[in-house]
Structures are given as structure tokens and as C-alpha cells.
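Let me begin by presenting the structure, written as C-alpha cells, before commenting on it.
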Amino acid sequence: MEAADILLDVHGVRRSFPKAGGGELLVLDDVELKLVDGEIVGLLGRSGSGKSTLLRIISGLSKPTAGSVTYLGRGVDGPAPGIAMVFQSFALFPWLTVLENVQLGLEALALPPKEIRSRALAAIDLIGLDGYESAYPRELSGGMRQRVGFARALVVHPNILLMDEPFSALDVLTAENLRTDFLDLWQEGQLPIKGVILVTHNIEEAVLMCDRVLLFASNPGHIATEIKIDLPQPRYRQDPAFLAIVDRIYIEMMAHRAERAQRHERFAGTGIGTVLPRVSANLLSGLVETVAAAPYLGKADLPDVASKNQLEIDELFPAAETLQMLRLAELEGGDIKLTATGKRYAEADMNTRKEIFARALMSFVPLAARIRRVLDERANHHAPKSRFLDELEDHMAPEAAEETLRTIVSWGRFGELFAYDDEHGLFSLENPA
Ligand code: ADP
Ligand code: MG
């Protein structure tokens, strides 16, 4: 890598936010990233891992708490001309036409009106929006709206294009259509850009589009591993070499998470402090059933389960990990394997499933056991939610505590361990009438 080719150098970046109840929430820690002329780099990580925060820092919209961002050899301090962003939410102005929305990208450059117009028309043409110049965003499909988002970013002829999950709000076919069009333009050298950072939580998208993928791990967000993708373009999802890379990324992500989980268990103290993911009992049952059934018969490759069921890692990983926590399955590398209990669960009727689930909660989820014990010990068998929320907030951020409590309510209901009255914020042993 020649120093002259380095477009962007992110060094030792750290970012924290003040927490509502005092203290700091560390979101990014020691992030290192270089972007070189001619490459698309992917940042792959779960939601909440700090990817958008990092992009905002790179673009100059937000400042790091520590560390530096260097763009073409100069420190970034405020919005950098030459770095443009495409957002998941399109972020168009509803009262402006397509042409006006695209021209807005040029406002800061103070160009003559004629030039603004001709550059906007050229960007619109390039991105396949010809004929839509006078349309308003509400008249456009999601795919066309995101094309406007791309045109508005490209019209400034940026050196670097930052894309924050640009395809994830689109349906499957539209997203693929936009990816392919973008890659074609990139390959043909038609885009007025030198390098791209693509944030995504979709593994296949990363493998399809990127020259390198940086695996982004959470709490705090940092880059765990880099994976080079040497396949020539165009790439095909069914190509064995493509599938092998997808598999490898799954395994890396799993391995990293397993390692972290172990570290956390050692320090978690009571175990009450474990953050529980938002995973429904239905999704857990569905995953057990899928793995139990043909062709898997108890052992499955997670990437395969994900792609056949159109699940994102954001959904699949927490579900697989929950099954592991409940000892219904074991995870190893990219595989999930049902335990003997997991197999019984798959074959059981609804009532037996609830019994197995309740027993697993009592044995392996300390928070469930605690709530149940408090209710058993109290004469009226009632306890306010706030009692447990306070306890959780000693261990985790307030939103995580709320989320954890919501999850335990839903699991507790499914296992019929306790009831919960949301109106009064009250746990009890009664079934609500
Ligand atoms: P991702 O894009 O990977 O989903 P984000 O960068 O949006 O993640 O958020 C990472 C974490 O930082 C989240 O826990 C979020 O709540 C927190 N966060 C982001 N922006 C702010 C902010 N302005 N104030 C407080 N917390 C924030
Ligand atoms: Mg984000």
C-alpha cells in the first residue's frame, strides 16, 4: 500500500456518549481503518455496534473522543468536502423534486446555477433516474428513492462514498437490482469516486460487493478481523468459492462472540447482569424445528439456515445463542447442533415444550429464577417491575435493562413461570384474567 494511495486513515478512534444516569457509554474503542484508492471496504457488524457512529465521525459530522481521522493527508475537522454519504432512510426532502433534491448536494460548493443544473442532470442520468427529474419522492418506489439518495451523494464528485446500510430498507429484488447497477458502474469506472466504505449487517452483501470486509464487534465497537475477498467481479452467490467465504465469515463472527461470552461470564458476578436479547419463543421454537427437520436432522450450518429462511445475522445469532444458553443446542464454528433436550423439544407437544422451556429458564437464566423466587416468597405473590429494573441497572445501561426485562416477561409467559400486568408494571403468579 503506497502512502500516496491512502484516501483515508482512521487511527485509534474512540467515542463515548454521556449516559442519562451519569457515567459514559463507550461505543467505539481503538478503531483502526485505512481506505485505499480503488477499493470497496465493508464494515460488517450487528446493529448497535457503532457503525453509524463511526461513519459520522469519518464524514466529519461528529468528533471522536480520542484518536484521529486523516483524509488525503489532512485531519478531518468538520464536514469534509469530498466525502459523501448515502443513508438507509434515503433522507430526501419530500417537498423538493428529484432534481431539486439532487441539486441540494451541490449547495455548499457555490457553483454557477447552470453548472449545478448540468451536474445534477448528469448524476440523475448516470444512476438511471432519467425522466423522473420533476417527480416528488412520494411518487417514487423505495428503489427509485434510494437512487435519488445515490445521485445526491455522487453529484459532488466525492473522493469517498460512505454508505450506511443503503439497501436494507429495500425489498430483496430491488436491493439486488441496485447493488448490481452500482457494481457495474463502479467496475466500468463511471462513478466519480475513488473509494467506498459500505456498512452492512448482511454477510452476503459484503461478500458480493467488497474487496475487504472488516468484522466489527460490539461493546465497545472495534474491528475484530479483516477478511480479503479475492473473487473477480461479477460474483455469483452460488459459486462454491463465494459460499466458502460466507461460511468463513460466519465462523469468525461466531468464534469471536463465543470468546467474548466466556470472558463476560467470568466477570458477570451473579449472572443476573446478563443482557437478554429480544428473541421470541416462537423464533426459538421455529429454529429448533428447522434444525431438527430434514435435511439437517439435528445439525445445521448456520449460513445455510440463514439464507434458506431469509434471516439476517441480527436475528439468527441471538436466537442461536439463546438456544445455547438454554442448553437446547450447542454452537461450534458455523454449526448449530441440537442437544438431547433440544431434540425432545422439537418432538414435544405444546405443553411439554412449555415445561422444558420453564425448566431451562429456571436452571440457566438467573433473572428468571430470581423473579420466580421473589414471587414465591412473598405472601401476596406480587412484585413490581421496578424492583428488578433497579437491580438490572446496576449491571447494564437503562435501555438494555428495559430490553432484558421485556424479554424475560415474554419468555416467562411462554414457560408459564409467572404472569405480568403491563398496565401496572406488576409481576405475579396469577394468570391474568
Ligand atoms: P449501528 O449503526 O452499528 O447500529 P450506532 O452507531 O447507531 O450503531 O449506535 C451505537 C451505540 O451508540 C448505540 O448503543 C446507540 O444507542 C449509541 N449512540 C449513538 N449515537 C448516540 C448519541 N448521540 N447519544 C447517545 N448514544 C448514542
Ligand atoms: Mg447504523
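All figures in this text were calculated on a predicted structure; none of them were measured in a lab. When reading the values below, keep in mind they use all heavy atoms of this one structure, side chains included, and skip hydrogens, waters and symmetry mates.
I58 contributes atom CD1, which lies 11.0 Å from atom OG1 of T53 (distance to the nearest 0.5 angstrom). Separation of atoms CG (N101) and CG (L104) is listed at 6.5 Å; rounding is to 0.5 Å. Rounded to the nearest 0.5 Å, atoms CD (Q88) and OG (S168) are 3.5 Å apart. Between E165 atom CD and L55 atom CG the span is 9.5 Å, to the nearest 0.5 Å. Here L129 contributes atom CG and L121 contributes atom CG; the two are 11.5 Å apart, rounded to the nearest 0.5 Å. Between L392 atom CG and E402 atom CD the span is 9.5 Å, to the nearest 0.5 Å.
Using a cut-off of 4.0 Å between Lys/Arg side-chain N and Asp/Glu carboxylate O, E289 and R353 are scored as salt-bridged. Using a 4.0 Å cut-off between charged side-chain N and carboxylate O, R117 and E115 make no salt bridge. Between K63 and D77, at least one side-chain N (NZ, or NE/NH1/NH2) sits under 4.0 Å from a carboxylate O, which counts as a salt bridge. A salt bridge links R147 to D181: at least one charged side-chain nitrogen sits closer than 4.0 Å to a carboxylate oxygen. Between K194 and D37 there is no salt bridge, since no side-chain nitrogen of the basic residue lies less than 4.0 Å from a carboxylate oxygen of the acidic one.
Judged as a ring-ring contact (aromatic ring centres under 6.0 Å, His included), the pairs with a partner in residues 137-194 (not counting sequence neighbours) are, in order, F150-F182. For the side-chain hydrogen bond (donor to acceptor under 3.5 Å, both in side chains) condition, the pairs that include at least one residue of residues 295-306, sequence neighbours left out, are Y296-D304, D304-K308.
Contact annotation: the side chain of L417 approaches that of L361 to within less than 4.5 Å [non-hydrogen atoms, C-beta and beyond]. Contact annotation: the side chain of I227 approaches that of R248 to within less than 4.5 Å [non-hydrogen atoms, C-beta and beyond]. Side-chain atoms of E32 and H11, non-hydrogen and from C-beta on, do get closer than 4.5 Å to each other. Contact of the V196 side chain with the I160 side chain is not registered, since no non-hydrogen atoms from C-beta on lie closer than 4.5 Å. Residues L106 and V156 meet the side-chain proximity criterion, which asks for heavy atoms closer than 4.5 Å.
Between T97 and Y132, the side chains place no donor N or O within less than 3.5 Å of an acceptor N or O (distance only, hydrogens not considered). Judged by distance alone, the side chains of T174 and N177 never bring a donor and an acceptor atom under 3.5 Å apart. A side-chain donor-acceptor contact under 3.5 Å links E205 and T200.
Ring orientation note: the planes of F418 and F427 are nearly perpendicular, at an angle over 60° on the 30°/60° scale.
Distance alone, capped at 3.5 Å, places no donor-acceptor pair between the R74 side chain and the T70 backbone.
Aromatic ring centroids of F242 and Y236 lie 6.0 Å or more apart.
Remark: R327 is positioned above the aromatic ring of F364, its terminal NZ or CZ atom under 6.0 angstrom from the ring centre and at most 45 degrees off the axis. The cationic atom of K385 (NZ for Lys, CZ for Arg) does not lie both less than 6.0 Å from the six-membered ring centre of Y420 and within 45° of the ring axis.
Looking at residues two or more places apart in sequence or on another chain, you find a salt bridge (Lys or Arg N to Asp or Glu O under 4.0 Å) between E176 and R179, R237.
The two residues A241 and L231 come nearest to each other via the heavy atoms CB-CD2, 3.7 Å.
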